[in-house]
Amino acid sequence: MKYWKIGCSWLLGLMITSCTNSTLELQGNRFLTINTVIRVNQIEVTRNKNVGVDEREWHTPERVVQFRNAVEKGFPGAKITWAFSWLALHDTTANYREIRQLVIDYHHKYGDEITFIPGAYFANAYNSTEQVNRDLHEGLKRVTEIVGDSYRPKSILAGFLSAKNQQYLAEKEDIHVCQGNIWSQYAIDNQDGDGAVSYPYYPSIEHFCKPAQGEKDQVDCVNLDGWTMDFLAARRQGFAEGFNSRMGVGPIETLDAHGADMGLQEMMHTTAIHFDDGFQRNGFAWVTNCWELCLDIDTQGLTDWLTSIRQRWPKVKCVTQGEFGLLWRDTYKKNDFNYRFFERGSGIGGSDADKEIMWYMNKRFRLAILKDLNSGKKFVIDFTRYDVKVEEPVSGSTRNWTLYGEINQKRTRQQDEPVCVDQLTDIQKEVICSYYPEVFD
């Protein structure tokens with residue numbers, strides 16, 4: 001009887017998922033995706049080499065249950081994405097065997113996605129392209145073995161993943177969604193990768209941060225950001241000026257750094273950038289968050305954030321990462337997007353209360369204009385052209401995979417010093433005016 005009930009629950013969940021996906025559209029909706037990572041070591045550099053601490057004591061069945069209950073309490077019916085590292089997929093201890101079974105049960109009960117994360121983040125900083133491809137193939141195979149019924153995830157979680165590896169995913173593994181870009185990350189953790197677009201795009205075969213310019217260089221794999229950032233905080237590098245540039249909806253930089261109340265305030269501020277103004281500008285909105293299972297942060301904060309989202313935007317859809325990426329892929333056959341984002345600072349951390357920022361992002365370039373509310377002056381702090389030839393580093397050779405433009409927001413080079421809008425060159429003005437003439441009004 002027990003197995004009959006599980007089977008019926010799985011069938012009912014499949015029917016609900018099928019009906020929901022067949023009627024769901026990208027435009028006119030607000031989307032939330034929640035990911036979590038289960039690993040054994042902090043960064044599993046290779047299958048047999050680790051960097052950082054052993055996380056076994058923090059990965060327990062009790063934590064898995066607590067985390068999933070926190071999600072369901074805050075957002076009933078939410079579907080989330082679970083990513084297992086190589087070691088977490090193969091560990092034979094009782095805890096990891098039970099964790100894997102729990103997550104499989106959640107897949108059947110809620111429709112959660114179960115997938116693989118190569119390297120437990122930053123695979124290309126340490127491994128060759130060929131080795132990452134082998135890890136992807138065998139990691140996905142192991143996921144199928146564990147879940148059964150020929151299950152295949154719709155996406156991969158990776159932190160950063162090179163264009164060559166995303167091309168392999170699409171052409172050899174038939175997976176067309178990858179969380180392969182941590183937007184604006186520089187001088188934090190073990191890999192850098194600023195220079196991309198913060199919303200979904202098809203990467204070019206030249207570089208995972210570069211949107212494809214046409215059919216010939218388009219990788220058929222939707223590249224997704226890792227977690228939604230506060231744009232004002234994110235313009236800094238690392239911990240410059242005493243602020244965390246990764247602040248946004250992530251729990252480390254908000255709840256842990258600023259406490260439950262102020263942390264939630266910043267999480268909601270960042271969420272509103274997209275679900276309020278961004279929704280009006282772009283026709284749809286997306287917020288994504290990764291809450292690693294090892295975090296020693298009260299999951300009540302996660303419940304509170306999800307509850308607040310549902311109260312303020314009751315029609316938000318919380319779907320798996322793969323479902324959201326494929327929905328975007330169904331809507332956009334090529335990179336004909338034109339994203340716009342506006343933010344006035346929250347006054348928390350690096351989100352300067354006396355600043356406003358406007359981001360413009362399309363396949364040809366990205367542009368950021370920072371306004372000082374005290375002086376009224378506007379400065380270009382980022383102008384990254386994508387219609388020029390670029391090249392990825394050799395996989396395994398370096399941590400820095402940043403795609404630098406003519407002006408980069410992180411200000412690591414002399415040429416990155418912000419300039420007044422009217423100081424741009426005639427060529428720069430011409431390129432920008434072809435999309436946004438209002439910039440020079």
Side-chain angles (χ1 to χ4, degrees), residues 21 24-27 29-35 79-81 83 113-118 123-124 132-133 136 140 152-183 193 195-229 274 278 282-290 317-339 341 361-364 366 386 392 401 403:
N21 290 348
L24 193 57
E25 295 183 355
L26 183 76
Q27 292 296 320
N29 282 302
R30 297 173 176 87
F31 294 92
L32 175 65
T33 53
I34 302 172
N35 304 328
K79 292 187 286 184
I80 68 173
T81 301
E113 182 174 29
I114 304 172
T115 191
F116 172 60
I117 178 169
N124 293 118
V132 176
N133 284 343
L136 289 167
L140 287 166
R152 290 278 287 181
K154 295 181 174 69
S155 72
I156 282 288
L157 196 73
F160 296 110
L161 195 67
S162 75
K164 294 181 179 66
N165 292 125
Q166 292 194 45
Q167 187 174 19
Y168 167 83
L169 271 179
E171 296 178 358
K172 302 299 183 181
E173 301 291 345
D174 195 27
I175 288 180
H176 299 278
V177 181
C178 177
Q179 184 282 300
N181 159 46
I182 307 175
W183 189 81
V197 172
S198 62
Y199 262 29
Y201 63 95
Y202 295 109
S204 165
I205 57 176
E206 296 176 8
H207 198 294
F208 75 91
C209 285
K210 174 181 175 175
Q213 299 299 292
E215 185 178 350
K216 290 184 178 179
D217 76 324
Q218 180 168 304
V219 177
D220 187 15
C221 189
V222 181
N223 197 355
L224 299 180
D225 184 18
W227 53 94
T228 302
M229 292 292 99
H274 300 273
N282 300 310
F284 77 98
W286 173 53
V287 171
T288 188
N289 199 351
C290 185
K317 317 296 182 185
C318 190
V319 298
T320 67
Q321 174 183 275
E323 288 173 325
F324 171 72
L326 290 178
L327 192 60
W328 188 91
R329 181 170 176 258
D330 287 342
T331 305
Y332 289 88
K333 303 304 180 184
K334 56 184 179 180
N335 285 330
D336 52 1
F337 58 82
N338 191 345
Y339 303 134
F341 307 101
M361 302 179 186
N362 57 73
K363 78 169 187 179
R364 194 175 177 190
R366 74 176 197 177
Y386 300 126
E392 281 186 337
W401 288 62
L403 176 62

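Given the structure is predicted, the values throughout are model-derived calculations rather than measurements. Values reported hereafter were calculated over all heavy atoms of this structure, with side chains retained and with hydrogens, waters and symmetry mates removed.
- With Gln213 contributing its side chain and Lys363 its backbone, the two residues share a donor-acceptor pair below 3.5 Å.
- Judged by distance alone, the side chain of Lys210 and the main-chain N or O of Tyr386 form a donor-acceptor pair under 3.5 Å.
- Of the possible donor and acceptor atoms, none in the side chain of Glu392 sits under 3.5 Å from a partner among the backbone N and O of Ser162.
- Atoms CD and CD, from Gln167 and Glu173 in turn, are 13.5 Å apart once rounded to the nearest 0.5 Å.
- What you find for Pro153 and Leu140 is that their closest heavy atoms are CG-CD2, 3.6 Å.
- With contacts defined as side-chain heavy-atom distances shorter than 4.5 Å, the pair Pro118/Ile156 qualifies.
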Any chance you could lay out the side-chain hydrogen bond (donor to acceptor under 3.5 Å, both in side chains) test for Asp217 and Ser204, step after step, and finish with the verdict? CA-CA 5 Å; Asp217 76 324; Ser204 165; 3.0 Å; yes
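- Inter-residue side-chain proximity for Thr228 and Asn289 is flagged as unmet; no heavy-atom pair is nearer than 4.5 Å.
- Atom CD of Gln27 has more than 12 neighbouring heavy atoms from other residues, nucleotides or ligands inside a 6.0 Å radius.
- At distances below 3.5 Å, at least one donor-acceptor pair connects side-chain atoms of Glu113 with backbone N or O atoms of Gly322.
- Remark: side-chain polar atoms of His176 are paired, donor with acceptor, to backbone N or O of Asp220 under 3.5 angstrom.
- Counting heavy atoms from C-beta on, the side chains of Phe341 and Met361 come closer than 4.5 Å.
- Ile117 and Ala158 get closest at one heavy-atom pair: CG1-CA, 4.2 Å.
- For the ring-ring contact (aromatic ring centres under 6.0 Å, His included) with Trp286, the qualifying choice from Phe31, Phe324, Tyr339, Phe337 is Phe324, the only one to do so.
- Here the closest heavy-atom approach between residue Cys221 and residue Ile175 is recorded as SG-O, 4.1 Å.
- Between the side chain of Asn223 and the main chain of Gly180, a donor-acceptor pair closer than 3.5 Å is present.
- Between Ile182 and Phe160, some side-chain heavy-atom pair lies under the 4.5 Å cut-off.
- Taking every heavy atom of both residues into account, Val219 and Tyr202 meet most closely at O-CD2, 3.5 Å.
- Between Thr115 and Thr81, the shortest heavy-atom distance links the atoms CG2-CG2, 4.0 Å.
- Judged by distance alone, the side chain of Asn181 and the main-chain N or O of Val197 form a donor-acceptor pair under 3.5 Å.
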Yes or no on side chain to side chain contact (heavy atoms under 4.5 Å, CB included) for Leu224 and Trp328, after CA distance, side-chain angles and deciding distance? CA-CA 10 Å; Leu224 299 180; Trp328 188 91; over 6 Å; no
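- Within 6.0 Å of the NZ atom in Lys333, the count of heavy atoms belonging to other residues, nucleotides or ligands exceeds 12.
- Here the side chain of Asn29 pairs a donor or acceptor atom with the backbone of Glu25 at under 3.5 angstrom.
- Counting heavy atoms from C-beta outward, Val177 and Leu326 have side chains that approach closer than 4.5 Å.
- For the atom pair CG (Leu169) and SG (Cys178), the distance works out to 5.5 Å, reported to the nearest 0.5 Å.
- The aromatic rings of His207 and Trp401 lie perpendicular to each other, with more than 60° between the two planes, well past the 30° mark.
- Of all the heavy atoms in Thr288 and Asn35, the pair that sits closest is OG1-ND2, 4.2 Å.
- A heavy-atom distance below 4.5 Å is found between the side chains of Ile34 and Leu32.
- With Val319 as the partner, the side chain to side chain contact (heavy atoms under 4.5 Å, CB included) test is satisfied by one option alone out of Leu327, Leu24, Ile80: Leu24.
- Using bins of under 30°, 30° to 60° and over 60° for the plane-to-plane angle, the ring pair Tyr199/Phe284 lands in the tilted bin.
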